[in-house]
Amino acid sequence: MELEKIYNPKKSEEKIYEMWEKGGYFTPKIGKAKNFTIIMPPPNANGALHLGHALFVSLQDIMIRYHRMKGDSALWLPGADHAGFETQVVFDKKLEKEGRKKSEIPKNQLLKEMMDFTLENKREMESQLRKLGASCDWTRNKFTLDKDIIETIYATFAKLKKDGLIYKGNRLVNWCTKHQTTLSDVEIRYEEKIDPLYYINYGPFKLATVRPETKFGDTAIAVNPKDKRYKKYVGKEVEVETVLGKAKIEVIADESVDMEFGTGAVKVTPAHDFADYETWQRHKNEIPGPKIVIDKYGKMNELAGPYQGMKIGEAREKIVQDMIAKGLLDEKATEKNYKHNVAVCYKCGTIIEPTLMDNQWFVKMTDPPANGKLSLRDLAVNAVKKGEIKFIPKRFEKIFLQWMEKLRDWNISRQIPWGIPIPEQGNDEQVFDTWFSSGQWPFATLQNTQKGDFEYFYPTSVMETGADILFFWVARMVMLGIYTTGKVPFKNVYLHGLVRDKDKQKMSKSKGNVINPLGVVDEYGADALRMALVFANSPGQDIPFSEDKIIAQKRFANKIWNAARFVMAQTENEKPKMKNEKPKTKADEEILKALREATKEITKNIEDFQFHEAAQKIYHFFWHTFCDVYIEECKKENNPEVLLYVLRESLKLLHPFMPFITEQIYQMLPNKDAKVLIIAPWPE
Ligand SMILES: [Zn+2]
């Protein structure tokens, strides 16, 4: 059969995908001795797929296709994430663009609109995954808002509660005044800021602070117990003059106070500072509780007297002026360029206001459950230390363990409409942190697909995801997975880096350096994009990427096509046997030897998660050994059997990387050893 002169990916990719999907090749047969499972990180159903998604599709599909060809029960389970806060942010922006106010839309209508928006994105995303060639099992597709998934999430919540690992409390939380929601510790970033450090005259003390506006919420002054300067005041009340008049305030001694910072005396504002909140916890019997002076919109409240209603920055400026006028501030001492780290919302950069809030649900991370078993943290740490979970690259193991050391309780309540409602909470309507549901994904999916799936496919083989969500997601999956099922959710964690532009800059719309994966698929084909993404990508490293790299792989696709055309033309009148690699010439011997070696190395590279090395080897073997040397030799004297054999086996080695063109050519081979390449046996 003759191949068309020029390979046109657009013409064949869709048809091939349809043939695979309809043929049921993505659905594994249960019961084989070996299985290989990947749960796809469910993309957020709030927009189009980007290059990061294309990268994970390429890497995961390589593993799945390889194992399928090896004869394993290879399951790649796809899904989509409603992505709580992430989707809320995208949707809020959409409303803003349309000139609509979220607060004016009835909640039912808002939720319906958000569901329509999410489902529409989900459909679009699924068609994009197909375009990229993802050979995932669509018959097991799951969504984080499926009824059965929500039931599983609730069951885990109930179990945590029963074990005493959940508590509801009035606690200080990370609050974004723009997004009007709490955030967990991993959802905040720290930014270095330069602000003035003021010295306030406070009775007999001079207090250093960058936030004079919070002083209406002061409940004590703290000094270090070793500080001789202040010993005589400890345990006593002192009278202080403030912008609001005279006040009395207690002096306490606390080891946490740094004698070297400022004057060694600090104010304690438990309602608006995490460290101060902890100080108060240690001195509960000595000093009054938190006094809230800033509301949830970042404005001063009634306790701030004349400053009520002002925004934080505005109030700060005014208070400083008034203090100067009253002689309450040591102007000369002000350090104008004081550098400090400030927590900001990871999404919008707004400064996080530590805020005291009611009805906050927390998961205990470091306390053991009531039944005396290990804490969530220790379950995960033990499993990793015992080698039950391996990290690729290995350095992430250390990063993971270090982070687990610093773990604090996890605030899982969010005050946004979009998400899974927290059950049994009375009239305050909050939803779960979206990572609380996605943190259960590996077992929640497999427990709700087909009967026997969980028993057969869990623990899964590999979790392949971005290094940037190691703490957001991977750590939570490990903890909740072991806690709920008694087993690790996956045996390997492979982490990839970010796809950056050729100058290693982050890709962003505002910089205009974004490559749209679906756009390049239309232009060069999915194979070229996939190969380009994998070719230069070593585990854990960011990848500098540009269209040139896709063009180079498009050329490689053309090379494969032309080589196949040549081989087919040479063997047109031959009827090669099925197994026949009898060398006749020296060139035959050499190509067969090179193929055996390449096969061995590529197989090992894939097993070792070194996909870039495997990709480079098959590229060089095909282009430089097979085409440049052997095919050239064949133009003098050819051995059709060996030619066909080497082409066929090369297509198999190439298939996980470039699935479409290889399948297209394989279909035309006279010496096929399977109905379709996707299930052809991997070369030995
Ligand atoms: Zn925010």
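What's counted below: heavy atoms across the whole structure, side chains too, no hydrogens, waters or symmetry copies. Every number for a ligand or one of its atoms is a count from 1 in the order of the listing.
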Exercise. Do Arg476's NZ or CZ and the ring of Phe471 fall within the cation-pi criteria of under 6.0 Å and 45°?
Worked result: no
Exercise. Tell me, which protein N/O/S atoms are under 2.8 Å away from the Zn ion (ligand 1)?
Worked result: Cys176 SG, His179 ND1, Cys345 SG, Cys348 SG
Problem set entry | Salt bridge Arg189-Glu191, side-chain N to carboxylate O under 4.0 Å | yes
Problem set entry | Test item: side-chain donor near acceptor, Trp441 and Asp81, under 3.5 Å | no
For this session: Inspect the contact between Glu126 and Lys122 and indicate whether a charged nitrogen and a carboxylate oxygen are less than 4.0 angstrom apart.
Result: yes
Exercise. Going through the distances and angles, do Ile351 and Lys193 end up as a side-chain contact (heavy atoms from CB on, under 4.5 Å)?
Worked result: CA-CA 11 Å; Ile351 293 177; Lys193 295 229 187 261; 3.9 Å; yes
Donor-acceptor pairs are to be reported for all side-chain atoms of residues 301-313 against protein atoms at under 3.5 Å, with residues two or more places apart or in another chain.
residue	atom	partner	partner atom	Å
Asn301	OD1	Leu303	N	3.0
Asn301	ND2	Ile292	O	2.8
Tyr307	OH	Asp322	OD2	2.6

